[in-house]
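Heavy-atom basis, side chains included; hydrogens, waters and symmetry copies ignored. Throughout, residue positions are numbered sequentially from 1 according to the sequence presented. Predicted model, so just to flag it, every value in this text is computed and none were measured. Order of appearance sets the numbers: ligands from 1, and atoms from 1 within every ligand.
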Amino acid sequence: MSMIEWSDELSIGIDYIDEQHKQLMAIINELQLAVEYDKGPDFVYPIIEHLYNYANTHFSDEEELLRMHNYPDLIDHRQEHLAFISKIDELKNRYETDREGLTIHLRNFLLGWLYNHIKSEDQAYRHFLDRKGVLPHSHKESGQDS
Ligand SMILES: [Fe+2]
Ligand SMILES: [Fe+2]
């Protein structure tokens with residue numbers, strides 16, 4: 001497993017959101033170290049705590065941004081965020097009984113989230129905001145209804 005790196009395909013184009021997505025990437029890499037160096041709960045529990053704080057802050061900031069711009073798919077988007085939190089709850093509980101397996105599982109779940117949610121659902125709202133002309137580098141398409 002190699003460390004994952006940021007790529008422009010992941011960028012939303014809003015600095016604070018990109019910074020938050022990079023934080024998730026850092027968490028994934030910490031979990032990867034935990035797997036490689038066979039770290040125990042003293043190392044992994046703080047990462048899980050950090051993940052909760054991260055998710056609460058990031059999801060509320062992102063949802064606030066989407067609400068502000070009347071994003072039409074906000075309800076579905078929020079459902080995915082809620083499902084993420086439930087999944088973390090479930091994995092945290094399972095960590096009690098299967099430490100090694102769960103560290104890998106959690107890392108893989110977050111990696112999947114990066115590619116399935118951030119690269120897909122978050123990119124979908126990026127396109128919407130871009131069409132509305134609200135991104136710092138938007139190229140508002142002429143004739144497009146915002
Ligand atoms: Fe996001
Ligand atoms: Fe999101």
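Among protein atoms, those of element N, O or S found less than 2.8 Å away from the Fe ion (ligand 2) are E62 OE1, H77 NE2, H81 NE2, H117 NE2, D122 OD1.
Using bins of under 30°, 30° to 60° and over 60° for the plane-to-plane angle, the ring pair H77/H117 lands in the perpendicular bin.
Note on H21: its N/O/S atom closest to the Fe ion (ligand 1) is NE2.
Ring centroids of F59 and F84 are separated by less than 6.0 Å, placing the two rings close together.
The minimum heavy-atom distance linking L10 with K119 is given by the pair CD2-CG, 4.0 Å.
With contacts defined as side-chain heavy-atom distances shorter than 4.5 Å, the pair R67/E62 does not qualify.
By the 6.0 Å and 45° rule, R126 does not stack over the aromatic ring of F128.
Here the CG-CG distance, from D130 to L135, works out to 5.0 Å after rounding to the nearest 0.5 Å.
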